[in-house]
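Below is one structure, written out as structure tokens; comments come after it.
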2 protein chains.
Amino acid sequence: MATKHYDIKTFRSSESIGYLLKRAQARMQDVAESVFAPHDMSFVQWIAMLKLSEGQAQTASDLCRAMCHDNGAVTRMLDTLEERGFVSRQRSQQDRRVVELTLTATGAAQVEALKPKLIDELNLLLTDFSAAEFSELTRLLDKLYQALDARHSAARQGVN
Amino acid sequence: MATKHYDIKTFRSSESIGYLLKRAQARMQDVAESVFAPHDMSFVQWIAMLKLSEGQAQTASDLCRAMCHDNGAVTRMLDTLEERGFVSRQRSQQDRRVVELTLTATGAAQVEALKPKLIDELNLLLTDFSAAEFSELTRLLDKLYQALDARHSAARQGVN
DNA sequence: ATACAATGTCTGCCCAAGCAAACATTGCAT
DNA sequence: ATGCAATGTTTGCTTGGGCAGACATTGTAT
């Protein structure tokens with residue numbers, strides 16, 4: 001039997017991973033938005049462009065999966081990024097359902113221009129974290145996501 | 001000089017705390033909602049009631065701060081919780097700006113009824129986490145929040 | 001006493017995210 | 001070849017959060 005991390009007798013909201021995640025993410029969102037807002041750009045928009053620039057995503061679906069973002073929201077986000085000349089769309093020849101996304105030169109420049117601003121902010125934020133703490137937090141967040149993702153996929157198939 | 005966890009040369013989205021947090025939180029949200037949805041209850045609603053039941057919050061403002069949630073959203077959430085008889089509001093005598101919140105018996109019962117469901121789900125989710133990993137993740141998430149909160153307060157005062 | 005800043009609650013408005021449906025395309029099974 | 005499930009993209013609709021302002025109340029400085 002696996003370790004029971006939570007017990008009904010002792011459970012407190014302040015120890016719940018769900019609550020801790022929500023709270024931290026909400027604040028992080030604020031901080032990130034404050035970095036990008038002066039450049040008329042949202043956190044998700046920038047992350048999407050970053051994913052494209054890293055080659056981690058080529059299509060809208062890739063972005064949805066990578067960012068856990070809504071389909072429709074991504075379509076509309078791409079609309080505005082395209083309008084602003086940061087991203088271009090081109091119907092794929094191999095699979096005509098797919099629209100291939102590419103960063104324009106302007107878009108790539110925008111990504112690079114904002115990267116140091118975000119990095120500075122993150123480093124400032126993590127001042128009190130040792131290298132070990134930082135890498136452990138990174139690792140555990142990724143591990144948690146993998147577990148959540150597995151659970152999520154299972155749920156979609158009605159497994160319990 | 002503090003440790004520079006991120007460097008512009010090597011920065012990758014998949015290591016960014018902001019991205020990792022957003023992704024994990026989005027999935028966690030899904031999982032939590034799937035627990036509460038059958039009972040016509042949202043994750044935030046339940047957390048709010050839990051906070052009340054733990055005595056961690058007495059007023060709407062307390063809930064806002066504790067949960068990093070919007071003022072207006074909390075007001076409206078309390079409207080529906082009150083309608084459903086889970087929460088009652090009463091104007092404070094000491095400070096007549098304040099509305100004191102109390103869980104009704106029905107509300108308390110609802111919190112208790114759903115607690116084991118959430119706990120089971122969380123334990124299942126964290127099966128592959130050792131006790132050490134679990135407590136370290138909890139600690140680091142809290143530490144991160146403290147740092148974010150300090151940064152957030154500083155920003156509100158225009159400090160850089 | 002009075003003015004003013006800070007706090008708590010509530011409301012109206014706007015916008016982005018979530019949901020569901022539509023449509024096109026592809027791969028697979030028969 | 002044909003039907004069908006799966007995938008990718010888009011759109012309309014609904015819902016809830018974020019923001020700004022209104023209002024009441026309190027504490028504080030003058």
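All values below come from the heavy atoms of this structure, side chains included, with hydrogens, waters and symmetry mates left out. Each chain gets a letter, A, B and so on, in the order the sequences are listed, and its residues count up from 1.
Cation-pi geometry between A:K143 and B:F129 is met: the NZ or CZ atom falls under 6.0 Å from the ring centre, inside 45° of the normal.
Donor-acceptor pairing under 3.5 Å is lacking for the side chains of B:T104 and B:S88.
Between B:S42 and the phosphate of D:dG16, there is no side-chain N or O to OP1/OP2 separation shorter than 4.0 Å. Not one side-chain nitrogen or oxygen of A:R76 sits closer than 4.0 Å to the OP1 or OP2 atom of C:dA17. Within the 4.0 Å cut-off from OP1 or OP2 of C:dC10, at least one side-chain nitrogen or oxygen of B:R89 is found. Here B:S61 does not reach the OP1 or OP2 of C:dT7: none of its side-chain N or O atoms lies under 4.0 Å away.
A straight line from CG of A:D79 to P of C:dA16 spans 12 Å, rounded to a whole angstrom. Nucleotide C:dT9 holds its C1' atom 7 Å from the CZ atom of B:R91, rounded to whole Å. Between B:Q58 atom CD and C:dG8 atom C1' there is a gap of 15 Å when expressed in whole angstrom units. In this structure, the CD atom of B:Q94 is 11 Å from the P atom of D:dG27, given to the nearest Å. As rounded to whole Å, 9 Å separates atom P of C:dT7 from atom CZ of B:R97. Going from atom CD of A:E33 over to atom C1' of C:dA17 covers 13 Å, rounded to whole Å. Between B:M77 atom CE and C:dT9 atom P the separation is 12 Å, expressed in whole Å. One interatomic measurement links the two molecules: CG of B:L81 to C1' of C:dT9, which rounds to 16 Å at whole-angstrom precision.
With axes fitted over five pairs at each extremity, the angle between the ends of the helix from C:dA1-D:dT30 to C:dT30-D:dA1 is 20° (10° resolution).
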request  = Kindly determine whether B:I17 and A:M28 satisfy side chain to side chain contact (heavy atoms under 4.5 Å, CB included), including the steps that lead there.
outcome  = CA-CA 9 Å; B:I17 292 287; A:M28 179 62 84; 3.6 Å; yes
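Checking A:L78 against B:C68, the closest nucleotide of DNA chain D that is more toward the 5' end is the one next to A:L78. Nucleotides of DNA chain C nearest to A:D70 and A:D95 differ in position, and the one nearer the 5' end is that of A:D70.
Distances from the side chain of A:V98 to the nucleotides D:dT9, C:dT25, C:dT9 place D:dT9 closest. Among the nucleotides D:dT9, C:dC19, C:dC10, the one closest to the side chain of B:T75 is C:dC10. Closest contact between the side chain of B:R96 and the listed nucleotides D:dG17, D:dT26, C:dT25 involves D:dT26.
Without hydrogens or angle criteria, B:Q45 side chain to B:S42 main chain gives a donor-acceptor distance under 3.5 Å. Using modelled atom types, no side-chain atom of A:D149 and backbone atom of A:Y145 make a donor-acceptor pair closer than 3.5 Å.
With values rounded to the nearest 0.5 angstrom, A:I119 atom CD1 is found 9.0 Å from B:Y6 atom OH.
Here B:S34 pairs with nothing under the side-chain contact (heavy atoms from CB on, under 4.5 Å) rule; sequence neighbours left out.
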